[in-house]
Amino acid sequence: MSITAKNIKKTFGRYTALDGVSLEVPTGKLVALLGPSGSGKTTLLRIIAGLEFADTGSGGIFFDGEDVTQVPAGQRGVGFVFQHYALFRHLTVAENIAFGLKIRRRSERPTKKAIAEKVAELLHLIQLEDLGGRYPVQLSGGQRQRVALARALAIEPKVLLLDEPFGALDAKVRKDLRRWLRRFQDEIGLTTIFVTHDQEEALEIADEVVVMNNARIEQVGAPQEVYDRPTSSFVHRFLGNVNQITLPWGGLIDGSTAHVEDGVAFVRPHDIELVHFSEDRDGEAAVVYDIHAAGPVARVSARREGNNESVEIELPRSQLALLRLVEGDCVLLRARPKHPPVSEYAI
Amino acid sequence: MRPRDGYVFNADTLHAVWLTVLAAAVAVPVNTVFGVAAAWAVAKFEFPGKRLLTSLIELPLSISPIVIGVAYLFVFGMQGLWGEWLMEHGVRLVFSVPAIVIVTTIVTSPLVFREVLPLMQSQGTEEEQAAISLGANGWQTFFRVTLPNLKWALIYGVSLCFARALGEFGSVAVVSGAVRGGTNTMTLQIQLLFDDRVQTGAFAVASILTSLALVTMALKTWVERREAKAFSAAGDGAE
């Protein structure tokens, strides 16, 4: 089912959480709402779910073109997974999953047998077949998260909404679980929106990333697109590391990857080329003051000769070794061209 | 009191026991429903005057029970605000059994509320929202999610309320009239016996009161143990 939000406004007292936000989520896509805290992403998700309502006089929410703005959460057919899971602590895992089916009116309620089968099927799906009798406190964070997901799926929602689904998990579990979610979404093709403040998460699994800031949407696009071609300085800063280099800068060449706004060039650390200083090459001189070479990528920090501004450069370890760079070396920096085929900088 | 009637099984004492238990039996369920409802409103909703309401509910804890009794007389007594009107309509709300029951209820009214409120506030509303997003209506959310989550605080609040209702003295002393075999609760009976210098009788009634309190405590412990056991058993079964 496709989801459309049209001109959504939401204020809490004097605070504006959403300032006229419009969004289109096509059927079957996995979309990430990405932004810093306070950007309005969770509020937007909750309004789509019907847990919160937009200000009167603002636009509405449409599922497959049908206006659901006034429809309460329970009747929207939405599966919602809460940030802190919100599992019913007095119920077992199996009872948690069955909850949404058990509370239905008699005429719409599946038989006991059908409910038990559904629970077993979902326990299998989340790979917790043996833990149906446990209580939430007896589970790990990752297990609780999966139970929350199974509980939301039990009511066979047409849309799945997840609020910071991996926020409270440790790094390893986080990675496993988000890949699992991606595969799962591929298999069942349920329209899914998840909220995150973790750019890596959004870029890795989403079909489309919606970058939010200050109650507005900054940019919408495929992960590669928003990362490679940010349309605003905010997106540049928020997605990945970026150097903010005050102009004029001798390393800024025509057709480079740098994004220029208000007298500042935004260049990613791996989009800066670094060579030893020599008179006959272009670029701007800088002095290396720190080399950090743990992990596959080496990080070099240099200070611009002109104004002492610090610039970070990332390059492969192998290249660092070839350069024989040491702290105190004078180097030339310049922005990498968009298409970096043959280069005089080739070593 | 004549010694040959026995100190425990005489008509006046038995009536006092009955009256005390009656007052507690009304006060506890009323205050449980009231306490949970009020705590629910305060913990889960935002509305103007919330702080004022909370202080108002907790007021009986901070003023002396005897003052509550006097205030009750001031409103319902013969010379009180509504006393005349009530008399004309044949309702007698002082120096009567209803008076004892009502002041006991007022004095113990904050106890369940106080136990339940902090827990409700700390639990937040996420589980309720989850229930609603799964299609539950208000009643289902309350009875299937909110109430079961309060179990421990509720057990504690109810036993506290019951114990306090049994032992209430000051306010009851003012409004009951202390008619032997009529409007005398156990605590009042103890005082009367003391005034009559029947010390053995006073101790006998005091012992009954203490036993009732001990039974309440034992019952509470038993329920807690049983719940804890059921909980851990479910966990072990899943291993």
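Quick note on labels: first sequence line is chain A, next is B, and so on, each numbered from 1. Only heavy atoms go into these numbers, but all of them, side chains included; no hydrogens, no water, no symmetry mates. These figures come from a predicted structure and were not determined experimentally.
Residue contact with chain A, scored on non-hydrogen atoms closer than 4.5 Å, is absent for B/E128. Contacts between A/F99 and chain B at a heavy-atom distance below 4.5 Å involve the side chain alone, from C-beta outward. At a 4.5 Å heavy-atom cutoff, the contact between A/L87 and chain B is made by backbone atoms alone. Of the atoms belonging to A/R76, not a single heavy atom falls under 4.5 Å from chain B. Neither the backbone nor the side chain of A/R105 comes within less than 4.5 Å of any heavy atom in chain B.
In this structure, CD1 in A/I155 is found 6.5 Å from OG in B/S133, a value given to the nearest 0.5 Å. Annotation: the span from B/I132 atom CD1 to A/F80 atom CZ amounts to 12.5 Å, rounded to 0.5 Å. If you take CD1 on A/I97 and CG on B/L134, they are separated by 11.5 Å, rounding to the nearest 0.5 Å. B/N149 CG to A/R89 CZ: the interatomic distance, rounded to the nearest 0.5 Å, is 5.0 Å.
Within 6.0 Å of atom NZ in B/K220, more than 12 heavy atoms from other residues, nucleotides or ligands are found, so the atom counts as buried in its surroundings. Residue A/R144 places its CZ atom among more than 12 non-hydrogen atoms of other residues, nucleotides or ligands, all under 6.0 Å distant. Atom NZ of A/K112 is surrounded by 12 or fewer heavy atoms from other residues, nucleotides or ligands within 6.0 Å. The environment of CD in A/E129 is crowded: more than 12 heavy-atom neighbours from other residues, nucleotides or ligands sit within 6.0 Å. Taking a 6.0 Å sphere around CZ of B/F169, one finds it holds more than 12 heavy atoms contributed by other residues, nucleotides or ligands.
Here the closest heavy-atom approach between residue B/Q140 and residue A/I103 is recorded as NE2-O, 2.7 Å. Of all non-hydrogen atoms in B/A130 and A/F82, the two that sit nearest each other are CA-CE1, 3.4 Å. Contact detail for B/Q129 and A/L51: the closest heavy-atom pair is O-CD2, 4.0 Å.
Using a distance-only test at 3.5 Å, with no hydrogens or angles considered, a donor-acceptor pair links the side chain of A/H90 to the main chain of B/R144.
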